[in-house]
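Below, chain A is the first sequence line, B the second, and so on; all start at residue 1.
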Amino acid sequence: MASPTKREIAQILEDIGLLLELKGESPFKSQAYYNAARTIEGTTEDLVQLVATGRIRELKGIGQALADKLTELVRTGRLAYYEELKRTVPAGLVEMRAIAGMGPKKILAVWQLLGITTVGELEYACIENRLVGLPGFGSKTQDKIKQGILQFKKRKGFQLYATAIVEARALMAACRSASGIRQVDLVGDLRRRMEIADTIELVVATDRPDSVGQALAAHGLDDRFVEEGPVLRGRSALGLALVIHVARSLSPHLLLAKTGSAQHLTQLKARAEARRLTWNLEEDGGPLSPPAETEADLYRALDLPLIQPELREGLGEIEAAERGELAHLVTSQDIQGIFHNHTTASDGSATLEEMVEEACRLGYRYIGISDHSQSAFYAHGLKEDRIREQHAAIDALRKRVSGILILKGIEADILADGTMDYPDEVLATFDFVIASVHSRFNLPEEEQTSRVVRALAHPHVTMLGHPTGRLLLSREGYRIDMARVIRAAKEHGKILEINANPHRLDLDWRLCPSAKAQGVKVSINPDAHAVEGLQDVPFGVNVARKGGLSVTDVVNTLEPAEIAAALKQ
DNA sequence: GCCGTTTTCGGCCCGACTGTTTTCAGTCG
């Protein structure tokens with residue numbers, strides 16, 4: 001079996017930490033597992049290599065006991081100790097950890113005092129008002145947990161785009177390698193590059209429908225499928241719904257129909273009706289119509305240019321296409337350089353040199369280094385002396401490397417009152433300043449908005465980092481009036497970040513058209529905390545494309561000389 | 001369970017915020 005990913009191993013270590021806490025083991029022992037989880041997730045080295053050479057033992061926080069367990073995990077994909085531990089604690093309790101407000105102590109309390117072992121029971125206990133009255137619980141806690149369960153249920157069954165697309169590609173590869181399958185294409189939400197997805201949807205062309213089942217069996221999914229006419233339905237290893245449309249050949253009609261969205265298709269149909277055009281995309285409703293070889297032909301029949309899948313959301317793209325105002329969407333190849341990168345100076349796991357080298361290797365022509373500022377103590381934020389140190393290191397590195405421009409930056413905290421984390425004379429020493437909110441997430445909307453607007457008015461601030469602070473599938477963004485923030489960015493000539501980290505994708509694509517309309521530029525930033533993080537840029541490009549942005553809307557499509565000049569202004 | 005030695009076991013760690021308290025515990029980043 002394939003070796004588990006770092007993320008999967010880190011998750012197991014975190015689960016063990018929680019299980020130990022629930023079993024009343026030493027909190028320090030749990031902590032050791034939590035620390036190990038972070039270490040594993042943060043390491044840039046290949047785990048198989050580390051285990052094979054025994055160097056796993058050299059990682060910080062990995063002693064003999066953890067090294068043995070990691071070795072077993074990496075080699076066999078399983079861990080007997082973990083399996084045994086799981087047998088002694090109800091599975092629902094571990095699941096509860098994903099509910100906001102439910103930490104180890106609260107989970108232990110509801111289990112021991114109320115006998116609750118599942119999320120469903122917990123929800124029912126909230127409704128019956130039974131949490132109030134437990135020691136350490138009150139009505140506000142119960143409300144928070146009730147809200148947390150609501151969010152939990154909403155995101156259950158969903159995965160991040162970055163996670164889902166990996167599984168989708170693996171399935172497509174499995175189908176392609178099966179005999180008798182001519183063509184496989186991705187459709188549905190993932191083809192439209194939605195930031196999260198609960199379904200992997202494929203279309204498969206074959207004369208032998210049974211070969212699809214064989215391909216899935218080879219992928220270990222044989223027992224999870226039912227056939228419903230030309231559609232196979234099942235569940236993927238990650239728990240995503242799997243929908244596979246099987247046809248003799250793949251028509252553009254089928255591609256368009258299965259790519260969606262529902263709103264986009266409804267609007268296309270209405271447009272066809274207005275033109276008295278027979279519009280039939282599905283086989284079961286008579287012959288396909290209009291005749292077409294490609295999706296572009298179908299749009300042409302409606303007097304429209306091809307609308308890229310990312311834009312097909314029914315949010316005005318058809319009207320824009322009609323007016324001839326569809327943007328020529330930005331691509332990953334257009335990105336010339338990258339801002340917002342962390343190093344070991346704060347909470348990154350790669351050195352300045354390693355980050356620059358990797359950016360070079362990926363073909364970027366400039367890289368902006370921006371570690372955390374001093375009040376981000378949890379991330380080893382830089383005090384003024386360490387800023388000077390880093391600037392000296394960058395000066396030295398600039399002399400040694402050619403072909404890439406290294407920019408001195410900082411991700412500076414916006415303090416609660418909207419002032420910045422350093423005095424102006426310190427901020428003036430950077431080539432660029434990313435202003436970000438990292439604390440006081442639950443200020444009232446008016447206060448939060450004013451705080452960010454004040455930061456945008458600061459003369460040394462270049463751009464706003466992760467504008468809403470959301471973490472997809474885990475944390476809502478803070479309450480903030482983004483319309484006002486965008487207006488402030490316009491007024492002060494500031495850039496908004498599209499944070500490309502798959503967990504963030506913030507600015508949301510739904511807000512991009514408003515920024516574009518006002519002439520506010522965005523920067524697609526990896527927010528990399530490791531060399532691997534530099535590869536997240538395409539996820540940010542997806543957001544920009546869904547938001548209808550073109551090269552001219554994205555500042556880091558500028559040439560090095562142009563960006564240097566722009567930053568000087 | 002890890003670490004760092006004062007080599008054999010004691011200390012691990014981080015502060016803000018919230019909600020529950022009446023001086024603090026739990027969660028979160």
Near DNA chain B, under 4.0 Å by heavy atom, which residues of residues 119-139 of chain A? A/Gly136, A/Phe137, A/Gly138, A/Ser139
Gap between atoms [atom1] and [atom2], on [X] and [N] respectively (whole Å):
| X | N | atom1 | atom2 | answer |
| --- | --- | --- | --- | --- |
| A/Arg504 | B/dG29 | CZ | P | 10 Å |
| A/Asp143 | B/dT20 | CG | P | 9 Å |
| A/Lys144 | B/dG26 | NZ | P | 15 Å |
| A/Gln31 | B/dT27 | CD | C1' | 13 Å |
| A/Met102 | B/dT27 | CE | P | 8 Å |
| A/Leu70 | B/dG1 | CG | P | 12 Å |
| A/Glu476 | B/dC28 | CD | C1' | 16 Å |
| A/Lys140 | B/dT27 | NZ | C1' | 16 Å |

Between A/Lys105 and A/Gly63, which has a closest nucleotide on DNA chain B that is more 5'? A/Gly63
On DNA chain B, check which nucleotide each of A/Ala100 and A/Leu20 is closest to and give me the residue with the more 5' one. A/Leu20
Looking at B/dT8, which nucleotide sits across from it as a Watson-Crick or G-U wobble partner, both distances under 3.5 angstrom, or is there none? none
Determine if the base of B/dT20 is syn or anti; take syn to mean the glycosidic torsion is within 90° of 0. anti
What is the glycosidic conformation of B/dT18: syn, defined as within 90° of 0, or anti? anti
When you compare [N] with [M], how far apart are their [atom1] atoms, in angstrom units rounded to a whole number?
| N | M | atom1 | value |
| --- | --- | --- | --- |
| B/dT8 | B/dG1 | C1' | 16 Å |
| B/dT5 | B/dC13 | P | 14 Å |
| B/dG11 | B/dT6 | C1' | 14 Å |
| B/dG10 | B/dT18 | P | 39 Å |
| B/dT21 | B/dG26 | P | 12 Å |
| B/dT7 | B/dG15 | P | 29 Å |

Check whether any side-chain nitrogen or oxygen of [X] sits under 4.0 Å from OP1 or OP2 of [N], and answer yes or no.
| X | N | result |
| --- | --- | --- |
| A/Thr141 | B/dT20 | yes |
| A/Arg440 | B/dC17 | yes |
| A/Lys29 | B/dC12 | no |
| A/Tyr34 | B/dC28 | no |

Counting distance only, does the side-chain N/O of A/Asp371 pair as donor-acceptor with the main-chain N or O of A/Thr343 below 3.5 Å? yes
Closest approach to the side chain of [X], judged atom by atom: which nucleotide of [options] is it?
| X | options | result |
| --- | --- | --- |
| A/Phe28 | B/dG26, B/dC28, B/dG1 | B/dG1 |
| A/Phe441 | B/dG1, B/dC28, B/dG29 | B/dG29 |
| A/Lys69 | B/dG26, B/dG1, B/dC3 | B/dG1 |
| A/Arg57 | B/dT27, B/dC3, B/dG1 | B/dC3 |

Just how far is it from atom OH of A/Tyr82 to atom OH of A/Tyr33, taken to the nearest 0.5 Å? 12.5 Å
Residues A/Arg510 and A/Asp508 bridged, charged N to O under 4.0 Å: yes
Electrostatic pair A/Glu446-A/Arg451, nearest N-O below 4.0 angstrom: no
Sugar-phosphate, base or nothing in reach of A/Glu25, heavy atoms under 4.0 Å: nothing
Does the ring center of A/His492 lie less than 6.0 Å from the ring center of A/His458? no
Ring-face cation contact, A/Phe137 with A/Lys106, 6.0 Å cut, 45° max: yes
Please determine whether the number of non-hydrogen atoms from other residues, nucleotides or ligands lying under 6.0 Å from atom NZ of A/Lys490 exceeds 12. no
Just wondering, more than 12 heavy atoms not from A/Glu313 lying within 6.0 Å of its CD? yes
For the student: nearest non-hydrogen atoms of A/Thr76 and A/Glu72, plus distance: OG1-O, 2.7 Å
